[in-house]
Amino acid sequence: MEYFVCSDDSAVALQNIGIKCDRCKRVMILKKYSEGMMKEHTIQG
């Protein structure tokens with residue numbers, strides 16, 4: 001999956017997208033996740 005940022009850290013990104021873990025089958029649904037939060041939690045760029 002690719003996501004191109006629009007340089008607005010307060011913009012809501014990937015709203016209501018579900019991410020499923022392959023090992024434990026847990027599903028996380030992203031709600032109110034902003035671009036600033038994505039930048040803050042990025043690992044190795």
Side-chain angles (χ1 to χ4, degrees):
M1 182 175 127
E2 268 185 76
Y3 180 79
F4 298 101
V5 294
C6 67
S7 300
D8 183 8
D9 286 348
S10 63
V12 176
L14 303 173
Q15 188 170 6
N16 295 325
I17 298 292
I19 300 172
K20 183 178 178 182
C21 178
D22 290 333
R23 290 188 301 176
C24 67
K25 307 301 182 203
R26 182 177 126 187
V27 177
M28 296 186 327
I29 298 175
L30 303 177
K31 294 181 180 179
K32 298 181 183 177
Y33 204 75
S34 68
E35 288 188 1
M37 293 168 107
M38 282 196 324
K39 289 179 186 177
E40 189 177 299
H41 292 103
T42 331
I43 298 171
Q44 296 179 357

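- Looking at every heavy atom in both residues, Cys6 comes nearest to Ala11 through SG-CB, 4.3 Å.
- At a threshold of 4.5 Å between non-hydrogen side-chain atoms, the residues Met38 and Tyr33 count as touching.
- With hydrophobic clusters built from ILVMFWY side chains whose heavy atoms lie under 4.5 angstrom apart, Met37 shares a cluster with Ile17.
- Within the structure, the salt bridge (Lys or Arg N to Asp or Glu O under 4.0 Å) test picks out the following pairs touching residues 30-42 (sequence neighbours left out): Asp9-Lys39.
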What pairs of donor and acceptor atoms, side-chain ones from residues 20-28 against any protein atom, are under 3.5 angstrom apart with sequence neighbours left out?
{"from": "Lys25", "atom 1": "NZ", "to": "Asp22", "atom 2": "O", "distance (Å)": "3.0"}

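- Scanning all heavy atoms of the two residues, the minimum distance from Ile19 to Leu30 falls at CD1-CD1, 4.1 Å.
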